[in-house]
Amino acid sequence: MIVEVERVRPVPSRRPGRATAPRRADDLRAGAAPRRRGRSVVIGLAAAGLLLATGCDSVSGIPVDDPATGAADTDMSIPPAATATAVAPAPALPPVPADAPPVGEVPGVPEAAPALQRFAADVRAGGLATLQEACWTIPPRTTQTMYADPDAVLDALAQPGTATDGTITWTDGVTSVTAERDQVASGYACGRVFPAGVEPAHDDADARHTVRRYLARLVGQPLHPDDQEAEYPLVCAANPATWDPQGSGAPEPAPLANNPGILTGTTGFTDQLIGSQQLTPGYMSVTAPVTNASGVTQDRTFVLADGDNGYCIGEISD
């Protein structure tokens, strides 16, 4: 099992116009069978299994420099007198900078180049904190790895892009950059970086980050003002029934979709103790200590399915 050592803090709505368009609903988010894929050799952490390790996925937008100092520092809870309040979405995006790095055009998707030019301008500027804040759906430690070589990212983006149903890819034969089409439509899309020829994949850090985002929403402190279920679905769709984490060959509806209130009353969670383990191809198990309204903390197990747009949560148990 991989256990994280990190601290969670919400990201302020500082980045103008970061993706407010609804995420594309596919795979189990819309009922299609989860795509079975291998992990990236670039951003994969330790192989899931019984190996114990520490992970540093960090919090979206906030790099972690300090070690864990105890439960008081790691628990993310609602203060006694606090109430959840609506947060205004980020303002509209500014024009693409006149000196933004070139991004190859994508046939049939004219909005792709300007969306990635905004991202490319941030990559060229070299501000990791800015990229982590803008790309808050990606674990920040992952962004640190993927964007460590800005020239490689920009060289790939300068080539013509190709589009599929869900993603767009730019490659120079050495490095490939992919972006989700729904994020492209929002006007600012964060690219994921892989060696050319490697199939893009999500890893265990992405699974843990999905659970972190889900729990942060429950306690009224989403990692970004836009991070709401209607805009960024994290729960697997119930229909059609394709949920089969044990590989039994008898899929069923994802249980969480039909019991969304299972963690109603959650007041906090211990972020630094989130751990993960591979179940079967395409499915990940994530554990997290969760505190209920009575102040009782217990480990909860989340089962997630991997799809083209990332992990979704299909089941929660004790």
Side-chain angles (χ1 to χ4, degrees), residues 17-44 93 95-124 131 134-139 142-143 145-203 206 232-233 281-282 305-312:
R18 173 67 188 96
T20 56
R23 287 178 66 98
R24 174 183 166 84
D26 62 359
D27 293 325
L28 277 170
R29 298 172 196 265
R35 184 178 177 187
R36 271 56 171 168
R37 296 178 293 190
R39 295 183 187 169
S40 163
V41 298
V42 176
I43 63 173
L93 285 168
V96 175
D99 62 346
V103 171
E105 296 291 334
V106 181
V109 194
E111 66 272 24
L116 270 293
Q117 278 187 291
R118 293 184 174 95
F119 164 73
D122 286 341
V123 171
R124 185 181 61 187
L131 285 167
C135 303
W136 51 271
T137 62
I138 303 174
T142 299
T143 64
T145 302
M146 288 196 301
Y147 308 146
D149 187 351
D151 289 340
V153 177
L154 297 178
D155 287 347
L157 286 173
Q159 306 305 311
T162 57
T164 62
D165 286 344
T167 61
I168 300 173
T169 302
W170 292 261
T171 184
D172 62 358
V174 177
T175 301
S176 294
V177 179
T178 66
E180 297 176 11
R181 291 191 66 163
D182 63 311
Q183 290 193 0
V184 163
S186 77
Y188 187 106
C190 296
R192 283 183 174 256
V193 184
F194 305 90
V198 172
E199 185 179 10
H202 304 101
D203 65 5
D206 291 302
Y232 292 85
D306 187 13
D308 285 343
N309 282 349
Y311 282 95
C312 63

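Considering all non-hydrogen atoms of both residues, C190 and F119 come closest at CA-CD1, 3.9 Å. Smallest separation of non-hydrogen atoms from D306 and H202: OD1-ND1, 3.1 Å. Considering every non-hydrogen atom in both P114 and P110, the closest pair reads CD-O, 3.4 Å. Shown here for D203 and Y311, the closest heavy-atom pair between the two residues is O-CE1, 3.3 Å. Closest non-hydrogen pair, P150 versus A148, comes out as CD-O, 3.3 Å. G191 approaches Y147 most closely through the heavy-atom pair O-OH, 2.5 Å.
Here the straight-line distance linking atom OG1 of T137 with atom CZ of R192 works out to 7.0 Å at 0.5 Å rounding. Taken from CD in E180 to CG in N309, the straight-line distance is 4.0 Å, to the nearest 0.5 Å. W170 contributes atom CH2, which lies 13.0 Å from atom CG of L154 (distance to the nearest 0.5 angstrom).
Pairs of residues two or more places apart, or lying in two chains, that qualify as side-chain hydrogen bond (donor to acceptor under 3.5 Å, both in side chains) and include a residue from residues 148-164 are T164-T167. Applying the salt bridge (Lys or Arg N to Asp or Glu O under 4.0 Å) rule to pairs touching residues 98-109 yields D99-R124, sequence neighbours excluded.
No side-chain heavy atom of M146 sits under 4.5 Å from any side-chain heavy atom of L131.
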Please tabulate, for the side chains in residues 172-179, all donor-acceptor contacts under 3.5 angstrom to protein atoms that are two or more places apart in sequence or on a different chain.
unit_1 : atom_1 : unit_2 : atom_2 : d
D172   : OD1    : V174   : N      : 2.9
D172   : OD1    : T175   : N      : 2.8
S176   : OG     : T171   : OG1    : 3.0

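For the side chain to side chain contact (heavy atoms under 4.5 Å, CB included) with E111, the lone residue among V106, V184, L116 that qualifies is V184.
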